[in-house]
Amino acid sequence: MPSFYQDVYRAVRMIPPGRVATYGAIAAMIGRPMDARAVGYALRALPDGTDVPWHRVINAKGTISLKDRAPNETSCQRTLLEREGVEFDARNRVDLRRHGWMGLLPEP
DNA sequence: CTAGTGACTGTTT
DNA sequence: AAAACAGCCACTA
């Protein structure tokens, strides 16, 4: 099992409720500032029913990815975030200035 | 090993 | 503001 996946999952798990983190933030948190893409890949392979709150991970623009994959899934993610307390604007975008969670603690 | 792909990002048109 | 380009990393064929 690649440690990269475990690192990503661990970082996502420590995201507090009501907050969202960008792929870049997760990548930087695990010590790889330019691995945002790989982070997305790791989350993509994540199975349903996992303990990892993958719905709290969004792209840097504050929008939900997967737009070209399945509108159903994106809607589910938006609903989950709203339930957590995250507010979306008219364009389905999150205000990262308010809900954007900065790792605050870089891992050694 | 090389080549192609992708839940990304920052810079440049 | 939106679209295009290039860069980085992990995975698959």
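Residue numbers begin at 1 in each chain, while the letters A, B, ... track the order of the sequences.
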Under 4.0 Å protein heavy-atom contacts per nucleotide of nucleotides 6-13 of chain C, with B for base, S for backbone only and - for none: -BBSSS--
With sequence neighbours excluded, what pairs up with [X] under the salt bridge (charged side-chain N to carboxylate O under 4.0 Å, His left out) test?
X: A/Asp89; value: none
X: A/Arg13; value: A/Asp51
X: A/Glu87; value: none

[X] side chain near [Y] side chain, heavy-atom distance below 4.5 Å:
X: A/Phe88; Y: A/Glu82; answer: yes
X: A/Ile58; Y: A/Leu96; answer: yes
X: A/Arg56; Y: A/Val12; answer: no

Residues touching DNA chain B, which here means a heavy atom under 4.0 Å, drawn from residues 45-55 of chain A: A/Trp54
Whole-Å gap separating [atom2] ([N]) and [atom1] ([X]):
X: A/Leu43; N: B/dG6; atom1: CG; atom2: C1'; answer: 13 Å
X: A/Ile64; N: B/dC8; atom1: CD1; atom2: C1'; answer: 15 Å
X: A/Lys61; N: B/dG10; atom1: NZ; atom2: P; answer: 8 Å
X: A/Leu96; N: B/dG10; atom1: CG; atom2: P; answer: 11 Å

Main-chain N/O of A/Val57 paired to A/Gln77 side chain as donor or acceptor, under 3.5 Å: yes
Under-4.0 Å side-chain N/O to phosphate OP1/OP2 contact, A/Ser65 with B/dC8: yes
Under 3.5 Å, which donor-acceptor pairs do the side chains of residues 15-34 of chain A form with other protein atoms, sequence neighbours left out?
{"from": "A/Thr22", "atom 1": "OG1", "to": "A/Ala25", "atom 2": "N", "distance (Å)": "3.2"}

